[in-house]
Amino acid sequence: MTETEPLLLYNTLKREKQVFVPQDPDRVTLYVCGPTVYSFAHIGNARPPVIFDLLYRVLSTRYPNVVYARNITDVDDKINAAAAEQNVPIEVISKHYTDIYHKDMAALGVGAPSIEPRATDHIPQMIQMIQRLLDSGHAYETDGHVLFAVESFADYGSLSGRNITEMMAGARIEVSDFKRHPGDFVLWKPSVAPQPGWESPWGWGRPGWHLECSVMSEFHLGETIDIHGGGQDLVFPHHENEIAQSVCAHAGKTFARYWMHNGFVTMNKSKMSKSLGNTLVIHELLKDNPGEVLRYLLLSAHYRQPLDWSEEALVRAQRTTDRIYGVIRDASTKFGPFEAKTASEKFMSSLLDDLNTPDALAELNNEARRLANAEDVEAAQISAGKLLAAGALIGLFQQDPESWLAGDTEGLDDALIDQLIEERNSSRKEKNFARADEIRLQLQEMGITLEDVADGTRWRRSND
RNA sequence: GGCCAGGUGGCAGAGUGGUUAUGCUGCGGCCUGCAAAGCCGUCUACGCCGGUUCGAUUCCGACCCUGGCCUCCA
C-alpha cells in the first residue's frame, strides 16, 4: 500500500538511509540554506532548491502541514564587496539578485517555500542567541568580536566526522591571534564605515554567517526541526557550526533530526564554483533552454551523486523531454483530452526511496512508451493519467505539448510557414516531390521540422 | 596528511546475490512518395586481485584510479 510505504531518507548524521518519522505529523519542518544574494546563481546553486522542492512536494503528499523555510542571506561580506565595487547601497545589490533568483527558480519549476526569511530581518533574534551563548559559557567576547568556543561543545564534529584535536594538528588554518581555538568561529564582528551594522551589546557590528541559519530556523520552525538540507560543501563548517550554536543555545536539545546533503554539479568532473571560474549561470542558460529541460537534467542523476553538466547532457535532456511531449501530443490527438489521475506505485516507490529520481524518471519514460503503444481510449487514459500525475508531482510535463514542441516561436512567421506547408502538400498531391522536398528543406533551414501525420502536416522546432 | 563519496554497456545514469533499468547515440526493421515522429529489435556493462557462496557487478579484504571537504562555497 502506497499509504503505508515508508519514506526513506539518507541521513548524513548516521550515514545511512533511515525511515523518516516526523516529530509531529501535523507540522513537519524543513529548513534549507538559501542563496547569498550578491551575484547570479549558477546551475550548481540550483540543485538544492530543485531537490528540496521535490522533497517538499513528496512530504506534502503524506503530511497536511509541511513548513519549509529557505532563507535569503542578505548580509554578507561578499554583498558588501559588490556594493562597494558598484558604489551602491547593499540593499540595491541584495534586492536585485533576490529578484533574479526568484525568477530563475520559477523557471526551474521550483515553488516558493512556505517561508523565506531574510537575515537582516532577524538581527534582534541573532543578538539574543549570541547573548544566550555568552551566558552559558559557549561564547566569548574578544577584540570586538564574539566567538563561539568550539571546545565547549563536546559533540563538535559529529556531523562531518572530525575531531577538534586533529583539526588543531592540521595547521593549514591561519589562526587569528584572538581565537582561543583555531576552530572557533565568529558570531558577531565589528563593522566600520560603509559596511552594514547594527547596535549590539558588543558595539556596532554585524552577524557571522553561520549564526543566521540557526536563528532563522529557531524563530520560524522551532528549536528542533525535522529535516535540514543543503549542499555537501556546507557539511563543514557551516552545518557543523549551526549544530553547535543551536544545541548549545537550546540546552542540549537536538537541532535537526535528519540532515540531507546534495552532491555537486560538476564541469568536466570538477566542482562548479565561482572560485574555479567554471560556472554556468542559470540566468544565461535560460536564454537558450527551457527551464523544464534544466530541471529534467538536474533530476536525471540521484541527488547525492555528482552531476556532470555538459552541452551533450543538455541536448539529451532536451530530446528526451521533446519525445515525451511528442508522445503526449500524439496520443492526445487520438485519445484525448487527458487529465492527471494518480502516479503509479512504482513511480512513488522510487521517490520514497531517498528521492531516487533517475529511477522515477525511468518509470515515467516507461509510462510514456505505454501511452505511445495504447490501442484504445481506455488504455490511453490510464497511461496518460499516470504520466501526467507523475509529472505534476515531479514538476514536469505540465505544459501544452503543442506549444512546447513549437518552442520559442519568436521571429517566426506563422502565416508563411502555413503557406509553405500548404504549397508543399499540393505539390505532394501532384506528385511533384522535388518541389515538396525543396520546401521542406527551406523550412528546415528556418529551424522547422515537418511531420506528416494521418490528418495532415504539422511542424515543430528542430532539435539542435 | 585526516575524513567522505564514487569507479556500470559508445555516452549519461539507476539497480540487483542467480531473471529487461531508463534515456541519448549508432545499426537493422515497421510506417512513409522520401523524410520526420512514433514503435519494434539490436550493440562481448558492471576498475583490478583475492575471499565467502552452488552462484557476485551486487557481500568481505587488499590494491589502483577519480572527485569532494578540511578556507568563502549549493
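Every chain is numbered from 1 and lettered A, B, ... according to where its sequence line falls, protein lines coming before strand lines.
- Distance noted for atom P between G38(B) and C60(B): 42 Å (whole Å).
- With sequence neighbours left out, Y56(A) forms a side-chain hydrogen bond (donor to acceptor under 3.5 Å, both in side chains) with no residue at all.
- Here A5(B) presents its P atom at 15 Å from NZ of K14(A), a figure rounded to the nearest Å.
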Tabulate atom names and distances for all N/O pairs under 3.5 angstrom spanning the protein and nucleotides 6-13 of chain B.
{"from": "A12(B)", "atom 1": "O4'", "to": "R316(A)", "atom 2": "NH2", "distance (Å)": "3.1"}

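- Comparing A74(B), C40(B), A36(B) by their nearest atom to the side chain of R369(A) picks out C40(B).
- The distance between atom CZ of F347(A) and atom P of A14(B), rounded to the nearest whole Å, is 16 Å.
- Here the nucleotide nearest the side chain of N262(A), chosen from A37(B), U22(B), A74(B), is A74(B).
- When the C1' atom is compared between U32(B) and A37(B), the two are found 11 Å apart, to the nearest whole Å.
- Using a 4.5 Å heavy-atom threshold, the side chains of R295(A) and L396(A) count as touching.
- Ring orientation note: the planes of Y156(A) and F153(A) are nearly perpendicular, at an angle over 60° on the 30°/60° scale.
- Within 4.0 Å of L234(A), counting heavy atoms only, lie sugar-phosphate atoms of the nucleic acid but no base atom.
- Applying the 4.0 Å criterion to OP1 and OP2 of A21(B), one finds that N366(A) has every side-chain N and O outside that range.
- A straight line from CZ of R15(A) to P of A5(B) spans 6 Å, rounded to a whole angstrom.
- Identified under the ring-ring contact (aromatic ring centres under 6.0 Å, His included) test for residues 373-405 of chain A, with sequence neighbours left out: Y325(A)-F397(A), Y325(A)-W404(A).
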Task: Contact state string [nucleotides 29-34 of chain B, B base, S sugar-phosphate only, - no protein heavy atom under 4.0 Å] - done: ----BB
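- A donor and an acceptor atom, one from each side chain of Q305(A) and H302(A), are nowhere located under 3.5 Å apart.
- Across the protein-nucleic acid pair, L299(A) atom CG and A74(B) atom C1' stand 15 Å apart, rounded to whole Å.
- Closest to the side chain of D330(A), from the set A37(B), A36(B), A14(B), is A37(B).
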Open item on the list: Only Watson-Crick and G-U wobble pairs with both distances less than 3.5 Å should count. Give RNA chain B in dot-bracket notation, marking inter-strand partners with |.
Closed with: (((((((..(((.....[...))).(((((.......)))))....(.(((..]....))).))))))))....
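- R319(A) has a side-chain polar atom (N or O) that falls below the 4.0 Å cut-off from OP1 or OP2 of U25(B).
- Scanning for ring-ring contact (aromatic ring centres under 6.0 Å, His included) contacts around Y97(A) gives F40(A), with sequence neighbours left out.
- Heavy atoms of D76(A) sit nowhere under 4.0 angstrom from any nucleic acid atom.
- Each of A46(A) and N365(A) lies near RNA chain B, and the nucleotide nearest N365(A) is the one positioned closer to the 5' end.
- Listed by chain and residue number, E367(A) satisfy the side-chain hydrogen bond (donor to acceptor under 3.5 Å, both in side chains) test with S383(A) (two or more places apart in sequence, or in another chain).
- Within the nucleic acid shown, K78(A) comes within 4.0 Å of at least one base atom, counting heavy atoms only.
- For H210(A), the ring-ring contact (aromatic ring centres under 6.0 Å, His included) partners are F185(A), H238(A), not counting sequence neighbours.
- For the C1' atom pair drawn from G13(B) and C24(B), the interatomic distance equals 11 Å after rounding to whole Å.
- As rounded to whole Å, 15 Å separates atom P of G15(B) from atom CD of E363(A).
- Across all strands shown, S160(A) has heavy atoms under 4.0 Å from sugar-phosphate atoms exclusively, and none from any base.
- Scanning residues 372-399 of chain A for heavy-atom distances under 4.0 Å to RNA chain B yields A372(A), N373(A).
- The side chain of R323(A) lies closest to C24(B) when the candidates are A36(B), C24(B), U22(B).
- Comparing the same atom, P, in A45(B) and in G33(B) gives a spacing of 39 Å after rounding to whole Å.
- One C1' atom belongs to C73(B), the other to U22(B), and the distance between them is 33 Å to the nearest Å.
- Nearest-nucleotide positions on RNA chain B for L361(A) and H210(A) put L361(A) closer to the 5' end.
- Rounded to a whole angstrom, the distance from the C1' atom of C3(B) to that of U25(B) is 40 Å.
- Tested against H228(A) for a ring pair (Phe, Tyr, Trp, His ring centres under 6.0 Å), the candidates F52(A), Y68(A), Y31(A) yield a single pass: Y31(A).
- In this structure, R304(A) satisfies the cation-pi test against Y10(A), with its NZ or CZ atom closer than 6.0 Å to the six-membered ring centre and inside 45 degrees of the ring normal.
- Residue-level contact check: S270(A) touches the backbone only, with heavy atoms under 4.0 Å from sugar-phosphate atoms and none from bases.
- For R369(A), the side-chain hydrogen bond (donor to acceptor under 3.5 Å, both in side chains) criterion is met by N366(A), not counting sequence neighbours.
- Scanning for side chain to side chain contact (heavy atoms under 4.5 Å, CB included) contacts around T142(A) gives Y140(A), L147(A), F178(A), with sequence neighbours left out.
- Judged by distance alone, the side chains of S191(A) and R206(A) do bring a donor and an acceptor atom under 3.5 Å apart.
- Residue contacts shown for G230(A) are limited to sugar-phosphate atoms, with no base heavy atom under 4.0 Å away.
- For the P atoms, the distance from G6(B) to C43(B) is 30 Å, rounded to whole Å.
- For the pair D322(A) CG and G38(B) P, the interatomic distance rounds to 9 Å; values are reported in whole Å.
- Of the C1' atoms belonging to C54(B) and C40(B), the separation is 38 Å, rounded to the nearest Å.
- Rounded to a whole Å, the CD atom of Q232(A) is 10 Å from the P atom of A5(B).
- For T73(A), the side-chain hydrogen bond (donor to acceptor under 3.5 Å, both in side chains) criterion is met by N71(A), E212(A), not counting sequence neighbours.
- For a distance-only test at 3.5 Å, the side chain of K271(A) qualifies as a donor-acceptor partner of the base of C73(B).
- For the pair L371(A) CG and C39(B) P, the interatomic distance rounds to 10 Å; values are reported in whole Å.
- Between N80(A) and Q195(A), the side chains place no donor N or O within less than 3.5 Å of an acceptor N or O (distance only, hydrogens not considered).
- For the side chain to side chain donor-acceptor pair (under 3.5 Å) with R424(A), the lone residue among D452(A), N432(A), D437(A) that qualifies is D452(A).
- Remark: the D359(A) side chain and the S350(A) side chain contain an N/O donor-acceptor pair separated by less than 3.5 Å.
- The residue V265(A) sits close to a base: some heavy atom pair falls under 4.0 Å.
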